[in-house]
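If you're wondering where the values come from, they're calculated on a predicted model, not measured in any experiment.
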Amino acid sequence: MHFIKVTLFAMIAFFLSVKLSLAHPGFHFGWGDHHRGISFGLSPQFYQFSCPQANDIVMSVLEKAIAKDMRIAASLLRLHFHDCFVQGCDASILLEDSARIVSEKNSGPNKNSVRGFEVIDKIKSKLEEACPQTVSCADILALAARGSTVLSGGPNWELPLGRRDSKTASLSDSNKNIPPPNATIENLVTFFKRHGLDEVDLVALSGAHTIGVARCVTFKQRLYNQKGNNQPDENLEKSFYFDLKTMCPKSGGDNFISPLDFGSPRMFDNTYFKLILRGKGLLNSDEVLLMGNVKETQELVKKYAQDESLFFEQFAMSMIKMGNLRPLTGFNGEVRKNCRRVN
């Protein structure tokens, strides 16, 4: 009798494991040193059976959103970056204030700055219609970042999926883990290494500044008081400096915006690196990739300026690497019904 019970239990367990692994290929039952013999890895085929149209839905919403507002592509890339650098890629940045949550949206790097939340809401709504409670908000952020890159003329890549959504947010980690625009090269290297990202990742991912804009407040110091002596940054090319002064006054105008890459602000290309070589990097964190005292970042700026395909290849690899930062998988976290609040 005991043997029959054990056998029956084993058959049920096997059936459930097969069913689950078919529905979610990211769930691997069997070998490995993961949680009780179950490996919950990210996989490009994670939604192959449970929601095969997921990426098509994401791209459809993105195409319409970017057609209405070209800035959205850069905004969604930035959302993914600001999410992954806090608790890992878990969509914590999307959570609103509630009785249990202190939102990361109010942190210094995010307040009055991060945007694109309505586009994420729209994607989530469409996915919930097609595949209820299947595609996580964390994966939506990753898919939207890749889609925004592709629709702006940049590279495509095979994206590992299967992240789940956090039930928490961290305002304090958001304040201390996201590199500021006035960071030195030493600061930047430290911030990135804290997340297991190296100098190559730093320069490649900074290349996302080939699209998007920055507010006057983020580069005003370079124009008027770079070293505390009421003088501009000597590394700024003169005509570029005077152009920036006309739209970014010494007092006021903090929210006036300038393209991060004025050469081709809507195209994902390598112009960003070419501009840095000419003294026309907008943010201090852009300029120090070349003018800082780290030889590896200096050489990479030059290489990417010369070879766009090399930049594209490394950007894709670094985006995958960043997207794999401490994801919640398996039975950790949840798949939110609404990206702005926990279930």
Handout entry: Side chain proximity check, Ser318 to Leu197, heavy atoms < 4.5 angstrom
Key = no

Exercise for the section: Step through it carefully: locate the ring centre of Phe268, locate the ring centre of Phe311, and say whether they are under 6.0 Å apart. Expected result: yes

Exercise for the section: For the pair Ser174 and Asn110, evaluate side chain to side chain donor-acceptor pair (under 3.5 Å) and give the outcome as yes or no after the intermediate values. Expected result: CA-CA 8 Å; Ser174 183; Asn110 292 337; 3.2 Å; yes

Practice task
Run the salt-bridge test on Arg164 and Asp90 with the 4.0 Å N-O cut-off and return the result as yes or no.
Solution key: no

Exercise for the section: Examine distances only and state if a side-chain atom of Ser107 and a backbone atom of Glu104 form a donor-acceptor pair shorter than 3.5 Å. Expected result: yes

Practice task
Report, as yes or no, whether the 6.0 Å neighbourhood of atom NZ on Lys126 holds more than 12 heavy atoms from other residues, nucleotides or ligands.
Solution key: no

Completion exercise
For Gln87 and Ser92 the tightest heavy-atom approach is NE2-CB, 3.6 Å

Problem - Step-by-step side chain to side chain donor-acceptor pair (under 3.5 Å) determination, Arg336 to Asn343 - result: CA-CA 6 Å; Arg336 290 183 212 140; Asn343 293 340; over 6 Å; no

Problem - Note: Glu128-Lys124 ion pair, threshold 4.0 Å (strictly below) - result: yes

Problem - Side-chain touch Arg278/Glu237, heavy atoms, less than 4.5 angstrom - result: no

Practice task
For the residue pair His80 and Arg146, establish whether any side-chain heavy-atom pair is separated by less than 4.5 Å.
Solution key: no

Practice task
Please answer whether the main-chain N or O of Gly292 pairs with a side-chain N or O of Gln298 as donor and acceptor at a distance below 3.5 Å.
Solution key: yes

Exercise for the section: Check whether any side-chain N or O of Thr190 sits under 3.5 Å from a backbone N or O of Glu186 as a donor-acceptor pair, and report yes or no. Expected result: yes

Problem - Atom pair CD1 (Ile120) and CG (Leu62), whose distance is rounded to the nearest 0.5 Å - result: 7.5 Å

Problem - Residues Arg341 and Asp97 bridged, charged N to O under 4.0 Å - result: no

Problem - Same apolar cluster (I L V M F W Y, side chains within < 4.5 Å links), Ile211/Leu260 - result: no

Fill in the blank from the handout: Smallest heavy-atom separation, Gly333 atom then Lys167 atom, equals O-CE, 3.8 Å

Practice task
Measure from NZ or CZ of Arg194 to the centre of the six-membered ring of Phe191 and say whether it is under 6.0 Å with the direction within 45° of the ring axis.
Solution key: yes

Handout entry: From Lys227, Arg222, Lys238, residue fulfilling salt bridge (Lys or Arg N to Asp or Glu O under 4.0 Å) relative to Asp233
Key = Arg222

Handout entry: salt_bridge(Glu96, Arg340) N-O dist < 4.0 Å
Key = yes

Practice task
Return yes if some donor-acceptor pair links the side-chain N/O of Thr134 with the main-chain N/O of Pro132 below 3.5 Å, else return no.
Solution key: yes

Handout entry: Under the ring pair (Phe, Tyr, Trp, His ring centres under 6.0 Å) test, residues paired with Phe240 that sit two or more places apart
Key = Phe262

Problem - Residue pair Tyr304, Gln314: steps toward the side chain to side chain contact (heavy atoms under 4.5 Å, CB included) verdict - result: CA-CA 9 Å; Tyr304 296 157; Gln314 185 56 55; 3.2 Å; yes

Problem - CZ/Arg266: more than 12 non-hydrogen atoms of other groups inside 6.0 Å - result: no

Problem - Val217 with Met247, same ILVMFWY side-chain cluster at under 4.5 Å - result: no

Practice task
Examine distances only and state if a side-chain atom of Ser98 and a backbone atom of Arg100 form a donor-acceptor pair shorter than 3.5 Å.
Solution key: yes

Problem - Closest non-hydrogen atom pair, Ser166 against Thr168 - result: OG-O, 2.8 Å

Exercise for the section: Report the hydrophobic cluster partners of Ile257, with the cluster defined as I, L, V, M, F, W, Y residues connected by side-chain heavy atoms closer than 4.5 angstrom, directly or transitively. Expected result: Val213

Practice task
Please confirm whether the backbone N or O of Asp121 pairs with a side-chain atom of Ser125, one donor and one acceptor, at under 3.5 Å?
Solution key: no

Handout entry: Linked hydrophobic residues, Leu328 as query - side chain contacts closer than 4.5 Å
Key = none

Problem - side chain to side chain donor-acceptor pair (under 3.5 Å) between Asp261 and His209, worked out - result: CA-CA 7 Å; Asp261 166 0; His209 287 177; over 6 Å; no

Practice task
Determine whether Leu300 and Thr297 make a side-chain contact, defined as any pair of heavy atoms from C-beta on separated by less than 4.5 Å.
Solution key: no

Practice task
Show your working on salt bridge (Lys or Arg N to Asp or Glu O under 4.0 Å) between Asp201 and Lys321 and close with a plain yes or no.
Solution key: CA-CA 8 Å; Asp201 301 311; Lys321 191 173 174 182; 2.8 Å; yes

Practice task
Using a 4.5 Å cut-off on heavy atoms from C-beta on, say whether the side chain of Cys216 contacts that of Asn255.
Solution key: no

Practice task
For the pair Ile178 and Asp173, evaluate side chain to side chain contact (heavy atoms under 4.5 Å, CB included) and give the outcome as yes or no after the intermediate values.
Solution key: CA-CA 8 Å; Ile178 297 171; Asp173 284 350; over 6 Å; no

Exercise for the section: Could you tell me whether the side chain of Lys245 reaches within less than 4.5 Å of the side chain of Pro232, counting heavy atoms only? Expected result: no

Problem - Which atom of Ala169 lies closest to which atom of Val102, heavy atoms considered - result: CB-O, 3.9 Å

Exercise for the section: Could you tell me whether the side chain of Leu202 reaches within less than 4.5 Å of the side chain of Leu289, counting heavy atoms only? Expected result: yes

Practice task
Output, in order, the C-alpha distance, side-chain angles, deciding distance and verdict of side chain to side chain contact (heavy atoms under 4.5 Å, CB included) for Gln133 and Glu334.
Solution key: CA-CA 9 Å; Gln133 264 197 289; Glu334 64 182 10; over 6 Å; no

Problem - Tyr47 versus Asp139, closest heavy-atom pair with distance - result: OH-OD2, 2.5 Å

Practice task
Run the salt-bridge test on Asp254 and Lys220 with the 4.0 Å N-O cut-off and return the result as yes or no.
Solution key: yes

Exercise for the section: Indicate yes or no: at least one non-hydrogen side-chain atom of Phe81 is less than 4.5 angstrom from one of Met322. Expected result: yes

Practice task
Decide whether Phe273 and Phe192 are clustered together by the hydrophobic rule: side chain heavy atoms of Ile, Leu, Val, Met, Phe, Trp, Tyr closer than 4.5 Å, transitively.
Solution key: yes

Exercise for the section: Evaluate the criterion side chain to side chain donor-acceptor pair (under 3.5 Å) for residue pair Asn270 and Gln306; output intermediate values, then yes/no. Expected result: CA-CA 8 Å; Asn270 68 337; Gln306 292 172 350; over 6 Å; no

Practice task
Establish whether Met267 and Phe315 are linked, either directly or via other cluster members, by ILVMFWY side-chain heavy-atom contacts under 4.5 Å.
Solution key: no

Handout entry: Closest approach of Ser103 to Leu171 (non-hydrogen atoms, all atoms of both residues)
Key = O-CD1, 3.4 Å

Problem - Derivation of the side chain to side chain contact (heavy atoms under 4.5 Å, CB included) call for Gln226 and Gln231 - result: CA-CA 6 Å; Gln226 176 69 348; Gln231 295 297 313; over 6 Å; no

Handout entry: Whether His195 and Phe85 hold their rings parallel, tilted or perpendicular, with breakpoints at 30° and 60°
Key = tilted

Practice task
Could you tell me whether the side chain of Thr218 and the main chain of Ala214 form a donor-acceptor pair under 3.5 Å?
Solution key: no

Exercise for the section: Please confirm whether Lys280 makes a cation-pi placement over Tyr241, using NZ or CZ under 6.0 Å from the six-membered ring centre and within 45° of the ring normal. Expected result: no

Exercise for the section: Look at the side-chain heavy atoms of Ile, Leu, Val, Met, Phe, Trp and Tyr, link any pair under 4.5 Å apart, and say whether Leu95 and Ile93 land in one connected group. Expected result: no

Problem - Asp165 (side chain) donor-acceptor with Ala91 (main chain) under 3.5 angstrom - result: no

Handout entry: Donor-acceptor contact below 3.5 Å, side chain Thr210 vs main chain Asp269
Key = yes

Handout entry: Sidechain-backbone polar pair: Asp69 side chain, Ile66 backbone, donor-acceptor under 3.5 Å
Key = no

